*Asks:* 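Please read through the structure below; I'll follow up with questions.
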Amino acid sequence: MDDSVLYVMKIKGVDRMPDFIQVRDEHFTLIGYFRADKPKSARMLLKKGYTVEALAVLLNSLPYGHLVKLGAEKTV
């Protein structure tokens with residue numbers, strides 16, 4: 001697995017819009033996003049060594065609107 005830092009943030013959907021996950025790099029630049037209910041589409045995280053099952057657990061536990069460093073329990 002690569003040593004670069006990644007951050008994720010769960011964005012609450014409204015009305016018919018689904019919840020989304022933003023993926024940001026160490027400079028907080030948006031490098032990708034995907035629907036929270038479709039972790040298989042998170043290619044940049046799957047390439048980092050995360051499994052679909054592990055991503056599903058992580059995404060369900062994320063609070064809305066908080067930037068979370070992957071591999072850490074603290075929020076930024």
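Position 1 is the first residue of the sequence; numbering continues from there. Keep in mind that what you see is a predicted model, and the values were worked out from it rather than measured.
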*Asks:* Test of understanding: with side-chain contact (heavy atoms from CB on, under 4.5 Å), list the residues that count as partners of D25, not counting sequence neighbours.
*Replies:*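 Expected list: H27, T29, I31.
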
*Asks:* Can you pull out every side chain to side chain donor-acceptor pair (under 3.5 Å) where at least one residue sits in residues 8-19? Sequence neighbours excluded, please.
*Replies:*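 Every side chain to side chain donor-acceptor pair (under 3.5 Å) pair that includes a residue of residues 8-19, provided the two are not neighbours, is D19-Y64.
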
*Asks:* Side-chain contact test, heavy atoms from C-beta onward, threshold under 4.5 Å: evaluate it for F34 versus L59 and give yes or no.
*Replies:*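 The answer is yes; the side chains approach within 4.5 Å.
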
*Asks:* With a 4.5 Å limit on heavy-atom distance, are the side chains of L67 and R24 in contact?
*Replies:*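 SC-SC contact between L67 and R24 confirmed.
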
*Asks:* Who pairs with E53 by side-chain contact (heavy atoms from CB on, under 4.5 Å), at least two apart in sequence or on another chain?
*Replies:*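 Here the qualifying residues are T51.
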
*Asks:* Hey, are the side chains of L70 and V23 touching, using non-hydrogen atoms and a 4.5 Å cut-off?
*Replies:*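 Of all side-chain heavy-atom pairs linking V23 with L70, none is under 4.5 Å.
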
*Asks:* Take atom CZ of F20 as the centre, draw a 6.0 Å sphere, and report whether it contains more than 12 heavy atoms from other residues, nucleotides or ligands.
*Replies:*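 More than 12 heavy atoms, drawn from other residues, nucleotides or ligands, come within 6.0 Å of this atom.
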
*Asks:* Does the side chain of I11 come within less than 4.5 Å of Q22's, by heavy atoms?
*Replies:*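 Yes, their side chains come closer than 4.5 Å.
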
*Asks:* With heavy-atom distances below 4.5 Å as the criterion, would you say the side chains of K69 and V5 are in contact?
*Replies:*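 SC-SC contact between K69 and V5 confirmed.
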
*Asks:* Hey, does Y7 have a side-chain heavy atom less than 4.5 Å from the side chain of F28?
*Replies:*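 Of all side-chain heavy-atom pairs linking Y7 with F28, at least one is under 4.5 Å.
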
*Asks:* Show the nearest heavy-atom pair for residues P18 and R35, with the distance to one decimal.
*Replies:*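 That closest heavy-atom pairing would be CG-NE, 3.8 Å.
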
*Asks:* Which value, rounded to the nearest 0.5 Å, describes the distance between M9 atom CE and L30 atom CG?
*Replies:*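 So the gap between those two atoms works out to 9.0 Å.
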
*Asks:* I'd like to know if V8 and V57 are part of one continuous hydrophobic network [Ile/Leu/Val/Met/Phe/Trp/Tyr, side-chain heavy atoms within less than 4.5 Å].
*Replies:*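 Hydrophobic grouping puts V57 apart from V8.
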
*Asks:* Of all heavy-atom pairs between P63 and V68, which one has the smallest distance, and what is that distance?
*Replies:*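 Scanning both residues, the minimum pair turns out to be CD-CG2, 4.5 Å.
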
